[in-house]
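No experiment lies behind these values; they were computed from the predicted model shown.
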Amino acid sequence: MIEIKNVSFSYGDTPVLKNISFNVGSSESVVVMGPSGSGKSTILRLILGLECPQSGEICVDGLNICNLKEKEKQEIRKKIGMVFQDGALFDSMSVWENVGFYLLEHTKLSLEEVGKRAVEMLGFVGLDAKEIMNKLPEQLSGGMQRRVAIGRSLLSTAPKAMLYDEPTTGLDPQSTENVLELIDKLNKERDIATIVVTHEIVDAIGFAGRFIIIIDGQIAFDGSLEELRDSKNLDVLQFLAPFRLSFNEVLKRDFFNYT
Amino acid sequence: MIIALFRRPFYFAETKEQMYLIGIGSLYLVILTGIFAGQGFALAFSNELADFGAKDYLGRIMTIAIVRELGPVLAALMIAARVAAGITAEIGAMKSSNQLNALLSFGIDPIQKLAVPRLLALIVMVPVLTIFCDVIALFGGYIIAVFLAHVSGTMYFAAVKERLIFGNLFIGILKPIVFSFVIAFIACYKGFYSEGGTKGVGKATTESVVLSSIIILVVNFFITKMASSFLKGYL
Ligand SMILES: Nc1ncnc2c1ncn2[C@@H]1O[C@H](COP(=O)(O)OP(=O)(O)OP(=O)(O)O)[C@@H](O)[C@H]1O
Ligand SMILES: [Mg+2]
């Protein structure tokens, strides 16, 4: 579904990504981690074709997105849902218009129908629809905005891939669990290729089959949870060190659960 | 942007909303401008004309000056100050808060969604507002003519009517249409290419107003210049 081949990218003179390659299959779920500023969000921007790499190529559904015409890019983007790190809600639209945005733009559904689905979706991401649907995004708390943003990207006709940029940062534990369950459920039930960028490794362990760690714009690790645990790569060990305790705890818990 | 004008989808609701915002929102500004500019102009000229005993010409001079020059330029400058600033600030703020990327991620072309409705609304509204400005300014001239310059009202309007000929009206409508493109292009461009967060948006907004005002004045000069050669027989 998503193929990244030898991609290098820099903003002006500052190199951000250095020769990165990985593929994500059409029902695969991948967690991308790495220190702040390592280029994680940039990867997602590249996949959407919002930027183009200086070398290497990015193919979505077999098409190199940077070689496409604007109209064709739009078609591809309709199939990819993206949750931006800062939410990027449309601040002049009400909450329900934000959530129903895709349907309002790309389908002929009536306003009532879109409203109904938006309300459902707000409930789905754990928000009290009645209370907030007619508010503006700025009237919501940060965590609520984030969930509206997630709802907005989920409420499209049939996404083939979802990109989440730190979907759980700043959420309380209950909401975090809801959002992660949601991501997991969508990935498994609807076969949506999923990339989750997160700092919360403990949360990620729950559902991801595969972990990619980006350090300084390079892939420092790409593999399963077991491989991650056993990794002897110094950079990876250093990156994981702060998480080690909770990481082990979760691993133990999971192993107890399974055995 | 011109090509986008003819591409689908066309955002009707956005265009209507912008027309309302630009048209109704700028009306009071244009009316105030028209009335005071018209009165000031009439006052200055009525004294001058009186010296030559040619006060009856006031209506003619007013018409030519206002319909051809003052009306279009003043209205466009006022609209540029208000609307260009608004458009640049709005698009710039959307850019700096990632909303333009969000639009793109939904497979939507921001030019189609944001720039085209604003351009169309301006193409319709700048001429309409200019006509308002003209009418009000001529009426302002009438007040001065009757109450201060002691020109008879019928005389004034007869002179006005005499100069409302094709050439003058054509220039008077052509200019605002051209100015609407100037305002829309510069305002949208400055918004889409603003950089550097809130401060950048502020800078882009200022530049957008300054640049569009200057270009309006320059373009105005060239239209007048060309009109005087192409429309010779009609002026
Ligand atoms: N628009 C931009 N212009 C110039 N440099 C940028 C831009 N956006 C990001 N960068 C730089 O690119 C690098 C990678 O940024 P990116 O947003 O991908 O990091 P990240 O891994 O997502 O970090 P975080 O975990 O903090 O979100 C950073 O060093 C940043 O300074
Ligand atoms: Mg990031």
Between B:Leu104 and A:Arg77 the two heavy atoms that sit nearest each other are O-CD, 2.9 Å
Under 4.5 Å to a heavy atom of chain B? For A:Leu89 that would be backbone
d(B:Asp109 CG, A:Gln74 CD) to nearest 0.5 Å is 5.5 Å
Taking a cut-off of under 4.5 angstrom between non-hydrogen atoms, the residues of residues 96-103 of chain B near chain A are B:Ser97, B:Asn98, B:Gln99, B:Asn101, B:Ala102, B:Leu103
For atom CZ of B:Phe139, is the number of surrounding heavy atoms from other residues, nucleotides or ligands below 6.0 Å larger than 12? no
In terms of ring plane angle, is the pair A:Phe90 and B:Phe106 parallel, tilted or perpendicular, where the classes change at 30° and 60°?
tilted
Nearest heavy-atom approach of A:His106 to B:Ile108 is NE2-CG1, 4.0 Å
Honestly, the part of A:Arg152 sitting under 4.5 Å from a heavy atom of chain B is both
### Whether over 12 other heavy atoms sit under 6.0 Å from B:Lys203 NZ
no
Pair count under 4.5 Å, heavy atoms only, with chain B: among A:Glu70, A:Glu105, A:Met82, highest is A:Glu105
- Query: CZ of A:Phe22: more than 12 outside heavy atoms within 6.0 angstrom?
  - Reply: yes
For residues 20-57 of chain A, the disulfide (SG to SG under 2.5 Å) pairs (sequence neighbours left out) are A:Cys52-A:Cys66
Of A:Asp91, A:Ile80, A:Leu48, A:Ile76, the largest count of non-hydrogen pairs under 4.5 angstrom with chain B goes to A:Asp91
Q) Got more than 12 heavy atoms from elsewhere within 6.0 Å of CZ, B:Phe132? A) no
ask   = Is the OH atom of A:Tyr11 crowded by more than 12 outside heavy atoms at less than 6.0 Å?
value = yes
